[in-house]
J.: 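This is the structure I want to talk about, given as structure tokens.
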Amino acid sequence: MAKSMAGSAPAAPTRSAKPFNSYLLNKCIVGYGIINGIINAVIFYLMHLSEPELLFSEADIFHDFALTGVLLGILLFVIVVPLTRMDLRKGVFSGPNVANLGGAASLVPASYAPALLVATVAATVSLMGVGAFACVLLPLPLTVTGLMLLKGLVCACAGAAAGYITICYVVRSGKSEA
């Protein structure tokens, strides 16, 4: 005797929502940090693949990092907001009580444009600050490979900072609709 398959699909296993801090750390460190750093390093390398003898001075590095920070902050925010809202709506993580956010998260604006600006400034300042510190420690000028490695590391830091602000914005704005 054959069973009817109509309407009797097996239920998908339900996973409990990740705690907010676990979700935040995973997304910021791995997704918006490490993966973002790798992507930026590869893009930089491909842009300069035909110029292997090119050397980068401190001014070149700051110029590149300033432009990268602005683009990274804007693009990451615009891409991550709908993804985080979708995760919140699907119950991937449990949103914290907004009143309990505390720390830097409590300073993130709950409005889109101001939060976008804060994420962009955070990415740019992170890139410029870590880049300036690295320029003090590293022998300059840097080769394409040297700057590619530095850019990957610094973009990982900036991506994590911008990702943190973006996720906090979604939680503070209280909107889980895409």
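Quick note: numbers below take in every heavy atom, side chains included, and nothing from hydrogens, waters or symmetry partners. Position 1 is the first residue of the sequence, and the numbers go up from there.
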J.: With a 4.5 Å cut-off on side-chain heavy atoms, are Leu153 and Leu149 touching?
T.: no
J.: Less than 4.5 Å apart, any side-chain heavy atom of Thr143 and any of Leu147?
T.: no
J.: Distance from Arg172 atom CZ to Leu107 atom CG, nearest 0.5 Å?
T.: 8.0 Å
J.: Is the shortest side-chain heavy-atom distance between Val81 and Tyr112 below 4.5 Å?
T.: yes
J.: Before giving the answer on side-chain contact (heavy atoms from CB on, under 4.5 Å), spell out for Ser57 and Leu140 the whole-Å C-alpha distance, their side-chain angles and the decisive distance to 0.1 Å.
T.: CA-CA 6 Å; Ser57 69; Leu140 296 178; over 6 Å; no
J.: I'd like a table of donor-acceptor pairs (distance under 3.5 Å, sequence neighbours excluded) in which one partner is a side-chain atom from residues 23-39, with atom names and distances.
T.:
unit_1, atom_1, unit_2, atom_2, d
Tyr23, OH, Asp87, OD2, 2.6
Asn36, OD1, Asn40, ND2, 2.9
Asn36, ND2, Cys155, O, 3.0

J.: Looking at every heavy atom in both Ala134 and Leu150, which two are closest together, and how far apart are they?
T.: CB-CD1, 3.4 Å
J.: Ignoring hydrogens and angles, tell me if any N or O in the side chain of Ser22 forms a donor-acceptor pair with the backbone of Lys18 under 3.5 Å.
T.: no
J.: For Cys168 and Val108, work out which heavy atoms get closest and say how close.
T.: CB-CG2, 3.9 Å
J.: Which pairs pass salt bridge (Lys or Arg N to Asp or Glu O under 4.0 Å) with one or both residues in residues 135-157, sequence neighbours excluded?
T.: Asp64-Lys151
J.: Do the side chains of Val125 and Val130 join up, straight or via other hydrophobic residues, at under 4.5 Å, putting them in one cluster?
T.: no
J.: Is there a side-chain contact between Phe77 and Thr120, using heavy atoms and a 4.5 Å cut-off?
T.: no
J.: Measuring from atom CG of Leu67 to atom OG1 of Thr124, what distance do you get when rounded to the nearest 0.5 angstrom?
T.: 9.0 Å
J.: Can you name the nearest heavy-atom pair linking Tyr45 to Val144, along with the distance?
T.: CD1-CG1, 4.1 Å
J.: At their closest point, which heavy atom of Ala162 faces which heavy atom of Ala119, and how far apart are they?
T.: CB-O, 3.9 Å
J.: Show the numbers, then the answer: is there a ring-ring contact (aromatic ring centres under 6.0 Å, His included) between Phe56 and His63?
T.: CA-CA 10 Å; Phe56 295 90; His63 179 262; over 10 Å; no
J.: Under 3.5 Å, side chain of Thr84 to main-chain N/O of Val170, donor-acceptor pair present?
T.: no
J.: Nearest 0.5 Å, what's the CD-CZ distance between Glu58 and Phe65?
T.: 11.5 Å
J.: To the nearest 0.5 Å, what is the distance between CD1 on Ile61 and CG on Leu127?
T.: 12.0 Å
J.: Taking all non-hydrogen atoms of both residues, which atom of Ala158 and which atom of Ser126 are closest, and how far apart?
T.: CA-CB, 3.7 Å
J.: Which residues pass the side-chain hydrogen bond (donor to acceptor under 3.5 Å, both in side chains) test with Ser111, not counting sequence neighbours?
T.: none
J.: Are Tyr169 and Val78 co-members of a hydrophobic cluster defined by side-chain heavy atoms under 4.5 Å apart?
T.: yes
J.: Would you compute the distance between atom CG of Asp60 and atom CG of Leu55 and round it to the nearest 0.5 angstrom?
T.: 9.5 Å
J.: To the closest 0.5 Å, what do you measure between NE2 (His48) and CD1 (Ile43)?
T.: 11.5 Å
J.: Looking at every heavy atom in both Ala17 and Gly91, which two are closest together, and how far apart are they?
T.: CB-O, 3.1 Å
J.: Honestly curious: do Leu49 and Phe44 fall in one hydrophobic cluster under the side-chain, below-4.5 Å linking rule?
T.: yes
J.: Is it true that Val154 and Ile74 fall in one hydrophobic cluster, defined by side-chain heavy atoms closer than 4.5 Å?
T.: no
J.: Going only through I, L, V, M, F, W and Y residues with side-chain contacts under 4.5 Å, is there a path from Leu142 to Phe62?
T.: yes
